[in-house]
Amino acid sequence: MTLTPGLRAHLLIMVEMEDTAKRIGSGDVPVLATPRLLALAEAATVRAVEKHLAPGETSVGTRVELDHLAASPLGAHVQVSVELIEVDGRRLVFAFEAHEQSTVVGKGRIERVVVDRAKFLARATR
C-alpha cells in the first residue's frame, strides 16, 4: 500500500433529473440531492486511492461529515474535489469540496478503511 496524504481526485457532473432530491426521494425539489452529493464525494475518494492499493484490497466508507451549503439546479455543473489528508494505518481521512462555478455547494470529511476485498465480502455474506 502506497497511500500518502496529498492524493487527490475530481469528478465533474451536470445535474440531471436522476441526481435530484425529487427523483432520489430525499426531498421534493429538482436540485442536486444531498445523498447524490455524498455518493459523488465517495466516488472521488475511491478514485483517489484505487491505483495505490495492493492487489485484492479495496476501501470502504466508515464515517461522513457533510455540509450541503447551496442548491444546484438542473443543468448546473458541479465539481467535487477530494484530498487524502490523513493516513493512520488502514484508516484514510479525506477532505472534500463541491463547487458550482465559484460557489461552494458542499464540503466535508469522509473516512474510509482499507480492507481485503475477499475477507470483507466473506464477512458481509454470513
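When a residue number appears, it is its place in the shown sequence, counting from 1.
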Exercise for the section: List, by chain and then residue number, the residues other than I85 in its hydrophobic cluster (Ile/Leu/Val/Met/Phe/Trp/Tyr, side-chain heavy atoms under 4.5 Å); write none if there are no others. Expected result: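 I85 shares its hydrophobic cluster with V93.
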Exercise for the section: Linking directly or through intermediates, with side-chain heavy atoms under 4.5 Å: list the remaining ILVMFWY members grouped with L121, chain and number order. Expected result: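 Taking Ile, Leu, Val, Met, Phe, Trp and Tyr as members, L121 shares its hydrophobic cluster with V60, V113, V115, F120.
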[atom2] on [Y] to [atom1] on [X], rounded to 0.5 Å:
X    : Y   : atom1 : atom2 : result
L84  : H52 : CG    : NE2   : 9.5 Å
L69  : H99 : CG    : NE2   : 10.0 Å
R112 : L92 : CZ    : CG    : 8.0 Å
R117 : L53 : CZ    : CG    : 8.5 Å

Do [X] and [Y] come within less than 4.5 Å of each other through their side chains, counting heavy atoms only?
X    : Y   : value
I110 : F96 : yes
S59  : V49 : yes
V82  : L7  : no

Handout entry: Qualifying residues under salt bridge (charged side-chain N to carboxylate O under 4.0 Å, His left out), relative to E65, sequence neighbours excluded
Key =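 Here the qualifying residues are R63.
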Exercise for the section: Only counting residues at least two apart or in another chain, list the ones meeting salt bridge (charged side-chain N to carboxylate O under 4.0 Å, His left out) with R8. Expected result: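 Listed in chain order: E83.
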Problem - Sequence neighbours excluded, every pair satisfying side chain to side chain donor-acceptor pair (under 3.5 Å) that has a member inside residues 13-25 - result: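 Sorted pair list: D19-R36.
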By side-chain contact (heavy atoms from CB on, under 4.5 Å), which residues pair with [X], not counting sequence neighbours?
X   : value
D88 : E86, R91
K51 : none
S72 : V15, L32, A76, V78, E100, V105

Can you give me the closest heavy-atom contact between [X] and [Y], atom names plus distance?
X    : Y   : value
I24  : A33 : CD1-CB, 3.7 Å
K107 : E97 : CB-CG, 3.9 Å
V87  : P5  : CG2-CD, 4.0 Å
A44  : A9  : O-CB, 3.3 Å

Practice task
For H10, enumerate each residue passing the side chain to side chain donor-acceptor pair (under 3.5 Å) test, keeping only those at least two apart in sequence or located in another chain.
Solution key: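 With sequence neighbours excluded, H10 shows a side chain to side chain donor-acceptor pair (under 3.5 Å) to S81, given in chain and number order.
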Handout entry: Partners meeting side chain to side chain donor-acceptor pair (under 3.5 Å) with T34 (sequence neighbours left out)
Key =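 By the side chain to side chain donor-acceptor pair (under 3.5 Å) rule, T34 matches H68.
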Practice task
Examine V31 and L38 and state if one hydrophobic cluster contains both, with Ile, Leu, Val, Met, Phe, Trp and Tyr joined whenever side-chain heavy atoms are less than 4.5 Å apart.
Solution key: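 No, V31 and L38 fall in different hydrophobic clusters.
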Practice task
Tell me whether V46 is reachable from V80 by hopping between hydrophobic residues (I, L, V, M, F, W, Y) whose side-chain heavy atoms are closer than 4.5 Å.
Solution key: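 No, because V80 and V46 fall into different hydrophobic clusters, even though each may have its own neighbours under 4.5 Å.
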